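These notes concern the structure reproduced below.
Numbers here are sequence positions counted from 1. Small disclaimer: the values here were computed from a predicted structure and weren't measured.
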Amino acid sequence: SLILAALSWRAFADRTSSRFALFLAEVTLWAVLVMSSPGWFRNVFSVLQIFSWILLTVSRVLGLSGFYVLSGGGWLGKSRRVGAGIPHAATLVMAGPYKFIRHPVYMALILLGWGAALKALSFSSFVLAVIATGLLYYCSYLEELENLERFGNEYDRYMETTRMLVPGVF
C-alpha cells in the first residue's frame, strides 16, 4: 500500500478525481491478490478454478488491449501522460475495445478482482471483490464526468451508442 501511495501521491490532492478512487481500488485489488495467492494452483481442474482462469485471461486481454490503445499504440496516435504516468487520450478513443465498452481497463480490473477472489473463495475475498467492483464503477462514473467536460457533445453521443462496462448490457 505504501508503494502504491508513493506512486499515486498526486491522486490525494483531488479526492473527487477518478485517480483517488482508482488508488483505493488498486489497494483493494492487491489485498484480494495477496489473500488468494495460496489457492492459485490448488484443485486446478475444479469448475471454480477453470472459471477463475477464464476471468483472468479475459481481464488480461481486455486490459492490455485497452491500455495499448490509450497509450498511443495501434489505433490512437497521440496521448498525454498525467499523474503517475497514466495515459489520457488527446482525442476521444472509440477504436479497439473502446468500440464495445467505454471503460475496458476498469472492466479488466473488475474481472481481475473476481478472478483472483475465486482462486481461494472466502467471505473476505468476496467482500474485497465487491468493494473493488464498487470502487472501479465509481472510477468509471467519475471519468465519465471528466470525459463529458473534456470532449463535450462528442462523448455524449459516444455514451448513447456504447455501453459503460458490459457490451450490450450495462
Applying side-chain hydrogen bond (donor to acceptor under 3.5 Å, both in side chains), can you list everything that pairs with [X], at least two apart in sequence or on another chain?
{"X": "W53", "answer": "none"}
{"X": "S52", "answer": "none"}
{"X": "S140", "answer": "none"}
{"X": "S59", "answer": "none"}

L136, V169: one ILVMFWY side-chain cluster at the under-4.5 Å cut-off? yes
Please check if W30 and V130 belong to a single hydrophobic cluster, counting links between Ile, Leu, Val, Met, Phe, Trp and Tyr side chain heavy atoms closer than 4.5 Å. yes
Would you say the ring centroid of F126 lies under 6.0 angstrom from that of F123? no
Under 6.0 Å between the ring centres of Y137 and F170? yes
From L22 CG over to Y138 OH, what is the distance, rounded to the nearest 0.5 angstrom? 13.0 Å
Could you tell me which non-hydrogen atom of [X] sits nearest to which non-hydrogen atom of [Y], and how far apart they are?
{"X": "F151", "Y": "L92", "answer": "CE2-N, 3.5 Å"}
{"X": "A129", "Y": "V32", "answer": "N-CG2, 4.0 Å"}
{"X": "P38", "Y": "M35", "answer": "CD-O, 3.4 Å"}
{"X": "V105", "Y": "G63", "answer": "CG2-O, 4.1 Å"}
{"X": "A21", "Y": "L142", "answer": "CB-CD1, 4.5 Å"}

Test: salt bridge (charged side-chain N to carboxylate O under 4.0 Å, His left out). Region: residues 97-118. Which pairs qualify, not counting sequence neighbours? R102-E144
What side-chain donor-acceptor pairs closer than 3.5 Å can you find for residues 107-121, not counting sequence neighbours?
unit_1	atom_1	unit_2	atom_2	d
W114	NE1	T133	OG1	2.7
K119	NZ	Q49	OE1	2.7

Between E143 and Y106, does any side-chain donor sit less than 3.5 Å from a side-chain acceptor? yes
I'd like to check Y98 versus T162 (side-chain heavy atoms, cut-off strictly below 4.5 Å). Are they in contact? no
